[in-house]
Every structure is written in C-alpha cells, then in structure tokens.
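Worksheet for the structure shown next.
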Amino acid sequence: MKLFLLLLMTFLLSHETGADEIIGGEESKPHSRPYMAFLKIKTNHSQYYCGGFLIRRDFVMTAAHCAGDSIKVILGAHNVTKTEKTWQTFKVKHQFLHPEYNPYRYINDIMLLKLEEKAKLTMAVGTLPLPSTFNSVSPGKVCRATGWGMTGVTAPRSDTLQEVKLRLMDPINCKVYQVFDEKLQLCVGNPKSTKSAYKGDSGGPLMCSGVAQGIISYGQSNATPPSVFTRITHYRPWINQILKSN
Ligand SMILES: *[C@@H]1O[C@H](CO)[C@@H](O)[C@H](O)[C@H]1NC(C)=O
Ligand SMILES: *[C@@H]1O[C@H](CO)[C@@H](O)[C@H](O)[C@H]1NC(C)=O
C-alpha cells in the first residue's frame with residue numbers, strides 16, 4: 001500500500017550508535033532554506049498544500065501530483081500560518097506537468113511552475129541549483145529533505161519549516177514498491193530505522209551537497225521508510241527544454 005505524500009509523511013529514522021548523520025527532524029533555522037516554496041493548490045473539489053523549490057526567479061519545481069486548477073506560491077516563508085514581511089506571493093501562470101506523468105504507476109512525478117512574475121532575490125528568497133545529467137548521487141550518501149509537513153486540509157501540520165537528514169538507499173530496499181524504477185527514482189530512508197518522526201510534504205526537495213537531487217514523491221501508507229523521490233538528473237533534458245523556451 002503506497003500513497004503520494006500529500007498525506008502525513010513520517011520518516012522513522014535510524015538510531016545507529018555513533019552515527020553522526022541521521023538524527024530526527026528539526027525546525028529549520030528561519031529562512032536558511034530560501035529556495036523553499038509553499039504551494040496552496042485549489043481544485044474544483046478541494047484545497048491542499050505541497051512543497052516546492054525555486055530553481056529560477058520565475059520557475060518553481062515540484063511533484064506532478066501537486067497539479068491543480070490553480071496554484072498560489074509563497075516564497076520566503078518560515079511560519080506559514082502568519083504573513084511574514086519576507087513573503088513574496090505569486091500566481092502560477094502555467095503548470096508544466098511532465099508529459100509522461102503517470103499517477104497509476106507513480107512515475108515521472110515532476111512538474112515545473114512558471115510564475116506570473118519574477119521573484120526578487122533577498123535574504124529569504126533564492127534559487128537552488130540543479131545537478132547536471134551526469135552528476136547523479138550514489139547509495140550511502142546522506143541528504144536532507146525539507147518541508148512543512150502538510151497533511152491535507154484537516155489534519156495537523158507543522159507551522160514552520162522542518163528538515164531531516166536521510167540516507168540514500170540501494171534500490172533493492174525499494175522492492176516493496178513494485179513500480180519502483182531506479183532510472184527514474186531515488187530510494188531514500190533507512191528501513192532499519194526506529195525512532196523519531198518527521199513530517200514532510202510532496203514536492204519538496206532532497207538536497208545533496210547543495211544541489212537538488214530529488215523531489216519527494218511517495219511512500220508507504222504506514223510511513224515506514226524508505227520512500228521514493230523523483231530522480232532529477234534523469235529529467236534534465238526535459239527541464240532544460242522547458243526553461244529555455246519559457
Ligand atoms: C474545474 O472546473 C472547470 C470549470 O468548470 C473545468 O474547466 C475544469 O476542467 C475542472 N477541473 C477538474 C480537475 O475537474
Ligand atoms: C506560527 O505562528 C502562529 C501565529 O502567530 C503562532 O500561533 C504559532 O505558535 C507559530 N508557530 C511556531 C511553531 O512558532
């Protein structure tokens with residue numbers, strides 16, 4: 001049983017003795033992740049939230065399953081329940097879903113949002129670099145996921161941005177997902193992990209050595225790691241083409 005991580009995504013993290021890497025999720029230092037975007041998505045039937053990240057002054061990257069009838073993007077946010085001076089709010093002019101996005105097979109879960117205007121670069125708003133096609137990451141690497149832990153319309157969530165360190169796993173660990181495809185996806189989070197919870201959100205980035213390598217996509221409904229992230233390097237040609245022609 002798997003589900004897109006629009007719902008509460010809880011990573012159970014590893015408590016390896018002496019490991020200096022995996023700990024628990026924690027609140028980010030305010031505005032220390034200036035590329036983070038908070039997305040308010042409206043469909044005809046409902047409203048929900050996703051994460052995303054600014055990759056160019058007028059483009060936000062997120063998951064394709066965050067598409068809706070209209071999307072509002074908030075940049076420069078830390079506590080999303082109160083308007084902060086650092087906020088910049090944008091309407092989305094166009095949603096570029098990956099043409100081969102398939103919600104039934106959970107693949108190609110990537111989308112680019114063109115903003116109506118360019119964001120101003122400030123202390124609280126900035127872009128996150130993408131890796132080149134050949135700059136892929138390998139299992140064992142410890143990366144960082146960030147999000148507001150959106151849980152849907154009624155469930156509780158975090159007001160403030162949270163982050164957690166997660167280990168990139170060998171693809172064999174994602175065999176629990178029959179549709180997992182290592183060419184298109186990253187397997188993230190140690191299944192042997194035991195404690196400490198983190199609430200993440202769809203569309204947010206997985207950052208490895210300062211570049212965005214993954215987009216939070218889906219996990220198991222009981223939130224047991226690992227979970228699956230879209231592998232950004234695979235999509236560089238498509239991303240480049242959209243950015244170049246828009
Ligand atoms: C929402 O409503 C509009 C206008 O009635 C319609 O064009 C659009 O296709 C609807 N979207 C969905 C996802 O049903
Ligand atoms: C976020 O802002 C709201 C409204 O001011 C406040 O009640 C809440 O405590 C804040 N959350 C955190 C985690 O600081």
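Order of listing sets the numbers, starting from 1, for every ligand and every atom in it.
- Protein heavy atom nearest atom 9 (O) of ligand 2, with residue, atom name and distance: D159 OD2, 4.3 Å.
- Protein heavy atom nearest atom 10 (C) of ligand 2, with residue, atom name and distance: N79 ND2, 2.5 Å.
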- Apply side-chain hydrogen bond (donor to acceptor under 3.5 Å, both in side chains) to H234 and Q185, showing your working. CA-CA 9 Å; H234 177 80; Q185 296 163 327; over 6 Å; no
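- Ligand-side atoms of ligand 2 in range of T160: 12 (C), 13 (C), range being under 4.0 angstrom from any heavy atom.
- Distance remark: protein heavy atom not present below 4.0 angstrom from atom 7 (O) of ligand 2.
- The protein heavy-atom contact nearest to atom 3 (C) of ligand 2 is T81 OG1, 3.3 Å.
- Aromatic ring centres of Y218 and Y177 lie closer together than 6.0 Å.
- At distances below 3.5 Å, not a single donor-acceptor pair connects side-chain atoms of S32 with backbone N or O atoms of S28.
- Aromatic ring orientation, F38 versus Y49: parallel (interplanar angle below 30°, classes split at 30° and 60°).
- For ligand 2, the polar-atom distance check finds no N/O of K82 at less than 3.5 Å from any of the ligand's N/O atoms.
- Just one residue in the list K120, K93, K114 forms a salt bridge (charged side-chain N to carboxylate O under 4.0 Å, His left out) with D58, and that residue is K114.
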